[in-house]
Asker: 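Have a look at this one before I ask anything.
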Amino acid sequence: EKPFSQITIHDITDRMDMHRSTFYLHYPNTHALLQELEDDVLSDAQAMVDQHRHEITHGTLRPIFQPILQYIAKNQILFVSLFANNDSSSFVVQVEQLIYKNGSSLILQLYPNAPKEKMDYLLGFLASGLIGLIKTWFESERKLSQEDLVSMADQMVNAVCQELFGECSSAPLSRGDWTSPLEVHSL
């Protein structure tokens with residue numbers, strides 16, 4: 001309804017039908033509330049990546065994309081607000097960091113011979129593109145189904161990776177074969 005920077009504690013407590021003192025028991029200010037929401041969302045996203053990482057098969061990141069998109073769709077109002085409040089938060093930057101943190105190892109599961117010197121460029125491109133897909137989906141009032149958006153994201157990521165790295169590995173890597181995102185980034 002209005003930018004986060006203009007939202008007051010009174011606005012929040014009025015909407016939630018709670019007393020201001022109750023708000024202050026949990027948060028010192030509106031920015032602390034925003035930070036907690038962002039942290040919760042990012043923690044949930046990381047948990048979904050960790051939970052579904054082993055399900056990645058030949059040529060698809062769909063097992064990662066599906067649960068995350070379901071979560072985003074279920075919490076659309078929150079995500080629209082988080083993406084819109086770039087002035088008051090660093091949510092978009094934190095989402096990009098989450099993609100960077102996990103992206104190298106996920107891409108290397110499918111493309112084990114991918115040159116590491118191209119990975120930062122690829123991840124920057126993919127982070128902007130995936131965030132853009134979600135924002136466009138919301139702006140279009142979700143004209144595409146969730147399944148169509150998952151398919152589109154998966155096809156786009158794989159097309160770019162195949163163009164850069166050739167065909168993906170024919171067999172998924174086992175849990176023991178993963179490279180830690182921190183190890184990949186430091187290489």
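Residue numbers count from 1 along this sequence.
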Asker: Is there a donor-acceptor contact under 3.5 Å from the side chain of N158 to the main chain of D154?
Answerer: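 Yes: the side chain of N158 pairs with the backbone of D154.
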
Asker: Can you check whether F65 reaches T60 side chain to side chain, under 4.5 Å on heavy atoms?
Answerer: no

Asker: Give a yes or no on whether the backbone of L144 and the side-chain of D148 come within a donor-acceptor separation of less than 3.5 Å.
Answerer: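 No: the side chain of D148 does not pair with the backbone of L144.
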
Asker: Is there side-chain contact between L164 and Y121, with heavy atoms separated by less than 4.5 Å?
Answerer: no

Asker: Nearest 0.5 Å, what's the CD-CE distance between Q70 and M48?
Answerer: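 Those atoms lie 9.5 Å apart.
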
Asker: Taking W137's backbone N and O only, do any of them form a donor-acceptor pair with S140's side chain (distance below 3.5 Å, no angle check)?
Answerer: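 Yes; at least one donor-acceptor contact below 3.5 Å.
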
Asker: How long is the gap from NZ on K116 to CG on L122, to the nearest 0.5 Å?
Answerer: 13.0 Å

Asker: Side-chain heavy atoms nearer than 4.5 Å, only ILVMFWY residues, links allowed to pass through others: does that put V93 and I131 together?
Answerer: no

Asker: Between I68 and A45, which heavy-atom pair has the shortest distance, and what is it?
Answerer: CD1-O, 4.3 Å

Asker: Drop me the distance from I56's CD1 to L106's CG, to the nearest 0.5 angstrom.
Answerer: 4.5 Å

Asker: Working to the nearest 0.5 Å, report the span between CD1 of I9 and CG of D14.
Answerer: 13.0 Å

Asker: Taking the side chain as C-beta and beyond, is there a heavy-atom pair between F165 and N113 under 4.5 Å?
Answerer: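 The answer is no, as the side chains (C-beta and beyond) never meet within the 4.5 Å cut-off.
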
Asker: Determine whether F23 and L33 satisfy the following criterion, side chain to side chain contact (heavy atoms under 4.5 Å, CB included), listing intermediate values before the conclusion.
Answerer: CA-CA 9 Å; F23 179 90; L33 171 62; 3.9 Å; yes

Asker: Yes or no on side chain to side chain contact (heavy atoms under 4.5 Å, CB included) for Q46 and L42, after CA distance, side-chain angles and deciding distance?
Answerer: CA-CA 6 Å; Q46 183 62 57; L42 294 166; over 6 Å; no

Asker: Do you know which two heavy atoms are closest between I64 and V49, and how far apart they sit?
Answerer: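 That would be CD1-O, 3.7 Å.
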
Asker: How close do R53 and S105 get, counting heavy atoms only, and between which atoms?
Answerer: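 Smallest heavy-atom distance, with atoms named: NH1-OG, 2.8 Å.
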
Asker: With a 4.5 Å heavy-atom cut-off, do L25 and S21 have their side chains touching?
Answerer: no

Asker: Between T57 and L110, which heavy-atom pair has the shortest distance, and what is it?
Answerer: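 Heavy atoms of T57 and L110 come nearest at O-CD2, 3.2 Å.
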
Asker: Can you tell me how far apart CD (Q155) and CG (L61) are? Round to the nearest 0.5 Å.
Answerer: 12.5 Å

Asker: Under 6.0 Å between ring centres, would you say that holds for F91 and F83?
Answerer: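 Between F83 and F91, which both carry aromatic rings, the centre distance is below 6.0 Å.
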
Asker: If every non-hydrogen atom of E38 is compared with every non-hydrogen atom of S90, which pair is closest and at what distance?
Answerer: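 So the minimum-distance heavy-atom pair works out to OE2-N, 4.1 Å.
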
Asker: Could you tell me whether the side chain of I72 reaches within less than 4.5 Å of the side chain of Q146, counting heavy atoms only?
Answerer: no

Asker: Can you tell me if I77 has over 12 outside heavy atoms packed within less than 6.0 Å of its CD1?
Answerer: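 For I77, atom CD1 is not crowded (no more than 12 foreign heavy atoms under 6.0 Å).
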
Asker: So, does N29 use its side chain to make a donor-acceptor pair with the main chain of A32 at under 3.5 Å?
Answerer: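 Pair found, side chain donor or acceptor close to backbone of A32.
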
Asker: Could E147 and R62 be called an ion pair, given the rule that one side-chain N must be under 4.0 Å from one carboxylate O?
Answerer: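 R62 and E147: salt-bridged.
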
Asker: Which pair of heavy atoms, one from D40 and one from Y71, lies closest together, and at what distance?
Answerer: O-OH, 4.3 Å

Asker: Kindly indicate, with the supporting measurements, whether the criterion side chain to side chain contact (heavy atoms under 4.5 Å, CB included) is fulfilled by D11 and T8.
Answerer: CA-CA 5 Å; D11 294 332; T8 65; 3.1 Å; yes

Asker: Can you tell me how far apart OG (S81) and CG (L34) are? Round to the nearest 0.5 Å.
Answerer: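 Separation between the atoms: 9.5 Å.
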
Asker: Walk me through it: do T13 and T22 pass the test side chain to side chain contact (heavy atoms under 4.5 Å, CB included)?
Answerer: CA-CA 9 Å; T13 56; T22 305; over 6 Å; no

Asker: Is H26 close to E36 at the side-chain level, that is, under 4.5 Å between some pair of heavy atoms?
Answerer: no

Asker: With heavy-atom distances below 4.5 Å as the criterion, would you say the side chains of V95 and L82 are in contact?
Answerer: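 SC-SC contact between V95 and L82 ruled out.
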
